[in-house]
S.K.: 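Take a look at the following structure, please.
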Amino acid sequence: MSASLASLSPGNASEANDLLQQVIDRSTHLAELVASLTAGTTIALVLGTLLLLSAFTRPKRHVPGAPVLGRKHWWEPDLLLYWRYTANARTIIADGYKKFKDQPFVVKRHDVDFNVMPHKYLDELRLVPNTKLSSIRANVQNLGHKWTFTTPMSESNLHFRVVQNKLTPELPKYLDIIKKELDEIWSDDIPDPQDWQEVDIQEMMRRLAARMAGKVFVGHPACRDEDWIRISVGFAMDVFTTGAILRMFPPLTHPIVAWLIPARYRVMENLRTAEKILEPLMKRHKDNIAKKAAGEPIEEEEEDTLLNWMIDRGTEEEIRLDRMALRQLFLCLAAVHTTSMSITHILFDLCSHPEWFPVIRGEIDEIYKDLGPINSSPESSAKNWLNRLEKLDSFFVESQRSNLPSLFVPQRIAVQSMTLKDGTHIPKGTKITWAAHSHMHDTSITQDPANFDPMRSYRKRHSSPELLNKHLASSASPNSLAFGYGSQACPGRTFSVGEVKLILVRLLSDYEFQFTDGTTNRPANMFAGENSFPDPSAKLLMRRRRDKSS
Ligand code: HEM
């Protein structure tokens, strides 16, 4: 339009006036149109534009030659693939595994392309350090990175070191500690109904897992502080919700979408509350260090918590209050829901295969007869006692195989480009993963994989003396990927297996469970993208055991 105005000669003034009038009219219409837009429409328009832009500008990091899955027609834009993935990841991944299990393939999520690697590469990549292939970067990306304030987690691995170098080596001590705590707080969270009562077993288990983790992470009395329990459960939920909503929109839109997500404001509140609770604890510990150094007496011995270990060993930056608040809540995120979901899944699996209740209870009763109650003598330390629960251990393994929290385990981001022995190139920034669920349900790996067979690992362990310490619930092996694999596999796995067993021993010894509709039909797990979880609305009926004499 500016070009046509410039071409007018002075003699054509009336024509110019007409044209000018038209311009003014149109601008007025445009102004009226803009003025008539509601805030909602404006946001929708801006988001729509960014959505389209993102679809074409999003970085694509692929292992060269890897086919892209999830497209129904060659002309489909990537945007459709992203949405299809959110609703249908399970089918897309299973199809990909069937077609391409011996070569890398790509599935597209809104924010990232997953390069699904063949199983044969697991061992080659097993010991590659996090400076080259990073698990924490992959996790932080899943959690919404800067939009959920989790990015600093990828700058230090103090959270990993404290679990690996403090909690796990001192496991016997910490299991005894949490057993005592469990006994003291049990009746706060667990009802004792004489007749069938509907219970929200998932919420009950979240609270127990949060309390157990709290006892070890921050000690008493913080572990019993309702605010601490609330944020150690809530932080994960709020971060996941924020991350999941953000993932439904392309990265270019995140600066806008993030501000519209209520859960993100709760993440901020969780972090502030953690700082308030941790500040006096950190000060007390630092004061005590100073007193000890000066040879002065300290008023009260502190508990040997993971918090104190980190203060003693972390750099100034790592133990800054805001960083410590994030680190503690991240540890809760890693520890609480994973553990509580495992217990829920085991109970659901038992209720759908109730013939296993007497078998597991029989095992528990036998150990009682041999060792007495847990911690009643030097031989009955929690670790010794729980190690003897071989059938429960095997049930746990099968329950995990059937209910993996993520279809993709492990996940890594290539911090630098690397080339594998067979020449396969992984460009810097690529997200690689393994289709753990498909692999663990492959008939060449697991016989009759659709069958829930809880004694699979028990039979394997007892098939030869060399295998007795293999195939455990806490093992991270190429065919058992629930805890990841290699040097970055879950460092808290032996602790979490101990927690799960401690809680189940008490639940199964004292109570009966069944589904609310009286059937043995397990509520189907739910999926969002690659993540899977028990149906949040699923409850159980619970009552005190009637077949127990004392
Ligand atoms: C049944 C319960 C649990 C499950 C299924 C689970 C699963 C996992 C998985 C799959 C990973 C990633 C491993 C990899 O990429 O190779 C992981 C990492 C991790 N887990 Fe666990 N975990 C559980 C309990 C715990 C507990 C109780 C703690 C702490 C006491 C813990 C602390 C961690 C930490 C610190 C990481 C490393 C995070 C990172 O730096 O990337 N986990 N876990």
Side-chain angles (χ1 to χ4, degrees), residues 122 125-130 133-143 150 152-168 170-171 174-175 178 205-206 208-218 232 236 305-306 309-310 326-346 393 396-397 399-401 403-413 431-434 436-437 440 473-478 480-504 530-533:
L122 256 183
L125 299 177
R126 182 169 73 99
L127 299 178
V128 175
N130 64 2
L133 281 181
S134 168
S135 158
I136 184 69
R137 284 185 191 221
N139 285 336
V140 165
Q141 185 181 59
N142 290 339
L143 297 173
T150 47
M153 288 308 303
S154 50
E155 288 154 19
S156 137
N157 71 347
L158 187 60
H159 65 288
F160 193 101
R161 292 185 342 251
V162 71
V163 178
Q164 190 171 48
N165 300 334
K166 172 70 177 167
L167 179 60
T168 305
E170 295 182 24
L171 189 68
Y174 281 114
L175 286 180
I178 62 167
M205 293 308 109
R206 280 193 287 269
L208 282 193
R211 282 163 166 274
M212 300 297 91
K215 177 69 181 161
V216 170
F217 294 175
V218 290
S232 36
T305 61
L306 300 202
W309 190 93
M310 287 194 275
L326 171 64
R327 202 171 299 284
Q328 284 281 348
L329 288 185
F330 184 90
L331 273 171
C332 293
L333 177 150
V336 172
H337 292 259
T338 46
T339 304
S340 65
M341 280 200 296
S342 298
I343 304 174
T344 299
H345 282 308
I346 292 175
D393 197 279
F396 189 2
V397 176
S399 182
Q400 282 201 305
R401 187 184 72 85
N403 307 290
L404 282 180
S406 172
L407 301 171
F408 282 151
V409 198
Q411 300 183 20
R412 304 282 182 264
I413 284 190
K431 188 168 205 169
I432 58 168
T433 187
W434 282 264
H437 177 89
M440 289 160 76
S474 56
S475 308
S477 73
S480 185
L481 294 167
F483 287 111
Y485 187 56
S487 55
Q488 294 174 68
C490 175
R493 57 192 192 273
T494 42
F495 176 75
S496 85
V497 171
E499 279 182 293
V500 167
K501 285 182 176 174
L502 271 179
I503 293 172
L504 280 170
E530 71 281 5
N531 299 307
S532 161
F533 43 90

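As the structure lists them, so they are numbered: ligands from 1, and atoms in each ligand from 1. Being a predicted model, the structure only gives us computed values, none of them experimental.
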S.K.: Side chain, backbone, both or neither: which part of Met341 comes within less than 4.0 Å of ligand 1 when only heavy atoms are counted?
M.R.: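 No part of Met341 comes within reach of ligand 1.
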S.K.: Flag Asn139 as yes when one of its N or O atoms lies below 3.5 Å from any N or O atom of ligand 1, and as no otherwise.
M.R.: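 Between Asn139 and ligand 1, an N or O pair is found under 3.5 Å apart.
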S.K.: May I ask you to list the atoms of ligand 1 that are less than 4.0 angstrom from any heavy atom of Tyr485?
M.R.: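 Counting from 1, the qualifying ligand atoms are 16 (O).
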S.K.: Using a 3.5 Å distance criterion without hydrogens, assess whether the side chain of Thr168 forms a donor-acceptor pair with backbone atoms of Pro491.
M.R.: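 Indeed, once roles are kept as given, a pair shorter than 3.5 Å links the two residues.
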S.K.: Quick one: closest heavy-atom pair of Ile503 and Ile343, and the distance?
M.R.: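 That would be CD1-CD1, 3.7 Å.
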S.K.: Please check: side-chain N/O of Ser532 versus main-chain N/O of Ser406, any donor-acceptor pairing under 3.5 Å?
M.R.: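 Looks like no, no N/O pair under 3.5 Å.
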S.K.: Would you mind listing which atoms of ligand 1 come within a distance below 4.0 Å of any non-hydrogen atom of Ala482?
M.R.: 5 (C), 7 (C), 10 (C)
S.K.: For the pair Gln400 (side chain) and Ser480 (backbone), establish whether a donor and an acceptor sit closer than 3.5 Å, ignoring hydrogens and angles.
M.R.: no
S.K.: Could you check which of Ser156, Ala489, Ser135, Ser342 puts a non-hydrogen atom nearest to atom 1 (C) of ligand 1?
M.R.: Ser342
S.K.: Can you count the protein N/O/S atoms lying under 2.8 Å from atom 21 (Fe) of ligand 1, leaving waters out?
M.R.: 1
S.K.: In the structure I gave you, are the side-chain heavy atoms of Phe533 and Pro405 within less than 4.5 Å of one another anywhere?
M.R.: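 Not touching, per the 4.5 Å side-chain cut-off.
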S.K.: Report yes or no: does Met153 have a heavy atom closer than 4.0 Å to ligand 1?
M.R.: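 Per 4.0 Å heavy-atom rule, Met153 does not contact ligand 1.
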S.K.: Below 4.0 Å, non-hydrogen atoms only: which portion of Val500 touches ligand 1? Side chain, backbone, both or neither.
M.R.: neither
S.K.: Protein heavy atoms near atom 4 (C) of ligand 1, is at least one of them under 4.0 angstrom away?
M.R.: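 Yes, there is a protein heavy atom closer to it than 4.0 Å.
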S.K.: Is there a side-chain contact between Phe160 and Ser135, using heavy atoms and a 4.5 Å cut-off?
M.R.: no
S.K.: Between Lys431 (side chain only) and Gln411 (backbone N and O only), is there a donor and an acceptor less than 3.5 Å apart?
M.R.: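 Checked: no pair found.
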S.K.: One pair to check against side chain to side chain contact (heavy atoms under 4.5 Å, CB included): Asn142 and Phe408. What are the steps and the verdict?
M.R.: CA-CA 12 Å; Asn142 290 339; Phe408 282 151; over 6 Å; no
S.K.: Given the rule in the side chain to side chain donor-acceptor pair (under 3.5 Å) test, do Arg161 and Asn157 qualify, once you have shown the distances and angles that lead to the verdict?
M.R.: CA-CA 6 Å; Arg161 292 185 342 251; Asn157 71 347; 2.9 Å; yes
S.K.: Can you pull out the closest protein heavy atom to atom 40 (O) of ligand 1? Residue, atom name and distance to 0.1 Å, please.
M.R.: His159 NE2, 2.8 Å
S.K.: Would you check if the side chain of Ser475 reaches a backbone N or O of Ser477 as a donor-acceptor pair within less than 3.5 Å?
M.R.: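 Flag not set: sc Ser475 to bb Ser477 has no pair under 3.5 Å.
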S.K.: Need the ligand 1 atom indices (1-based, order shown) with element for anything under 4.0 Å from a heavy-atom of Leu167.
M.R.: 30 (C)
S.K.: State, yes or no, whether a side-chain contact exists between Pro152 and Leu326 at a heavy-atom distance under 4.5 Å.
M.R.: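 Yes, their side chains come closer than 4.5 Å.
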S.K.: Heavy atom of Arg412 under 4.0 Å from ligand 1?
M.R.: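 Judged by the 4.0 Å heavy-atom criterion, Arg412 does count as contacting ligand 1.
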S.K.: Which protein heavy atom lies closest to atom 37 (C) of ligand 1, and at what distance to 0.1 Å?
M.R.: Phe160 CD1, 3.6 Å
S.K.: To the nearest 0.5 angstrom, please state how far the CE atom of Met341 sits from the OG1 atom of Thr339.
M.R.: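 With rounding to 0.5 Å, CE (Met341) is 9.0 Å from OG1 (Thr339).
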S.K.: Is there a donor-acceptor pair closer than 3.5 Å between any side-chain N or O of Arg493 and the backbone N or O of Ser474?
M.R.: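 Here the side-chain-to-backbone pair exists.
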S.K.: Within the 4.0 Å heavy-atom shell around Val409, which atoms of ligand 1 are there?
M.R.: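 Taking each heavy atom of Val409 in turn, ligand 1 has 10 (C) under 4.0 Å.
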S.K.: Give the atom numbers and elements of ligand 1 that come within less than 4.0 Å of a heavy atom of Pro410.
M.R.: 14 (C), 15 (O), 16 (O)
